[in-house]
Amino acid sequence: MVRPFLIDCDTGTDDAIALAAAFGCPEIEVKAITSVNGNVAEKYVCQNNLDMAEYLGYSGPVCRGAVKPFHGSLHFSDGTHGRTGLGDVVLPQAKTKQFDPRLAPEMIHDAAVAEKGNLEILATGPMTNLGIALLLYPDLPSLIRHIWFMGGAVYGGNVTTTAEFNIWVDPEAAQVVMQSGIPLTMVGLDVTLKACMDPEDEAELRKDGGRASLLTADLLDFMFQRHRAGGEAALMHDALALAAAVCPGCLQTEDYYVNVECEGTYTRGHTAADVRHRSGKPANVSAAMKLDVEMFRHWLVQAVKNSRAQ
Ligand code: BDR
Ligand code: CA
């Protein structure tokens with residue numbers, strides 16, 4: 001059976017690659033794409049999602065979503081993804097595709113109802129939309145089969161010493177998700193900092209010549225340049241969360257009871273995993289802790305090449 005997925009994302013260079021790969025995964029069908037503030041403002045994220053959808057021939061709904069986190073002000077990353085989210089890549093602006101009139105939380109609920117408990121969610125940005133949906137629709141946890149999310153870390157952080165970006169932007173929303181009872185797989189920095197692409201991968205995609213392949217190659221090229229200029233390497237944080245769902249052999253997981261630190265003068269946004277199992281609470285999260293990077297890179301290149309748009 002082809003698994004129904006909804007992708008909630010803050011596109012975002014690596015989110016864009018995750019989307020391109022998702023369109024090429026025969027195991028899943030993307031039922032909707034929802035946008036959230038994060039790497040850049042939501043007005044850029046949703047436009048990137050709409051443009052990606054039209055460019056790569058995705059005909060399902062694309063929705064707008066939360067423009068701010070639960071608390072505090074807007075948080076944007078530091079230019080890691082360029083001014084409008086896709087680095088220096090400029091996609092043709094969508095001409096015919098329009099936003100679905102539903103906002104992300106409603107779309108999440110509608111898709112979950114329509115799929116009768118089989119919907120899986122890939123979340124690659126801050127969890128504001130998911131948190132709102134869970135607060136609005138009490139039946140939602142019973143309708144979602146699994147959430148695969150990029151965010152957090154059992155050990156370490158990238159915005160602060162102890163917090164990863166997606167969770168740090170909206171810890172309150174992430175805590176709602178963490179305590180929802182929905183089966184969760186956390187793909188955090190413990191593994192994503194090792195999920196690095198190589199110029200060989202770019203060359204293979206260019207040789208393929210398909211639309212998704214060339215777009216991904218251009219995004220990788222931006223990332224390699226960014227890295228040469230002292231920024232982040234070509235890390236596939238978000239595509240690795242998709243891999244957890246469809247290429248599980250490339251990851252090893254450990255189960256933990258996890259809370260999100262929503263206070264903490266120095267630790268706000270930390271995903272506090274009970275690694276010593278002292279809380280007596282059952283695990284709520286399966287956390288990816290080891291990565292077979294060669295298997296992952298091979299899977300990702302094949303998935304993008306398999307995206308059918310020409
Ligand atoms: C996460 O933050 C964003 O920069 C990436 O898109 C990824 O989802 C990594 O911390
Ligand atoms: Ca992201």
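For ligands, and for the atoms within them, numbers begin at 1 and follow the listed sequence.
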- Message: Side-chain heavy atoms nearer than 4.5 Å, only ILVMFWY residues, links allowed to pass through others: does that put Phe149 and Val169 together?
- Response: no
- When you look at Lys194 and Asp292, which way does the salt bridge (charged side-chain N to carboxylate O under 4.0 Å, His left out) test go after all the steps? CA-CA 9 Å; Lys194 298 175 187 135; Asp292 180 334; over 6 Å; no
- Message: Please evaluate residues Leu135 and Val176 with respect to the criterion side chain to side chain contact (heavy atoms under 4.5 Å, CB included), reporting the C-alpha separation (whole Å), side-chain torsions for both, the decisive distance (0.1 Å), and the verdict.
- Response: CA-CA 8 Å; Leu135 296 182; Val176 170; 4.2 Å; yes
- Query: Is there a side-chain contact between Met178 and Asn259 (heavy atoms, below 4.5 Å)?
  - Reply: no
- Item | Chi angles and distances behind the ring pair (Phe, Tyr, Trp, His ring centres under 6.0 Å) call for Tyr256, His277 | CA-CA 8 Å; Tyr256 294 120; His277 306 287; 5.8 Å; yes
Once you restrict both partners to nitrogen or oxygen, which atoms of ligand 1 have a protein partner under 3.5 Å, and how far apart are they?
unit_1, atom_1, unit_2, atom_2, d
ligand 1, 4 (O), Asn39, OD1, 2.9
ligand 1, 4 (O), His81, NE2, 2.9
ligand 1, 6 (O), Asp14, OD1, 2.5
ligand 1, 6 (O), Asp14, OD2, 3.3
ligand 1, 6 (O), Asp15, OD1, 3.1
ligand 1, 6 (O), Asn39, ND2, 3.1
ligand 1, 6 (O), Asp238, OD2, 3.1
ligand 1, 8 (O), Thr124, O, 3.1
ligand 1, 8 (O), Asn166, ND2, 3.0
ligand 1, 8 (O), Asp238, OD1, 2.6
ligand 1, 8 (O), Asp238, OD2, 3.2
ligand 1, 10 (O), Asn158, ND2, 2.9
ligand 1, 10 (O), Glu164, OE2, 2.4

- Message: Donor-acceptor pair, distance only, cut-off 3.5 Å: does the side chain of Asp14 make one with the backbone of Asp238?
- Response: yes
- Message: Any side-chain to backbone donor/acceptor pair from Asn48 onto Thr84? Under 3.5 Å, distance only.
- Response: yes
- Among all residues two or more places apart in sequence or in another chain, which pass the side chain to side chain contact (heavy atoms under 4.5 Å, CB included) test with Gln93? Gln47, Asp51
- Query: What pairs with Asn39 under side chain to side chain donor-acceptor pair (under 3.5 Å), at least two apart in sequence or on another chain?
  - Reply: Asp10, Asp15, His81
- Message: Suppose the cut-off is 3.0 Å; which protein N/O/S atoms would you list for the Ca ion (ligand 2)?
- Response: Asp10 OD1, Asp15 OD1, Asp15 OD2, Thr124 O, Asp238 OD2
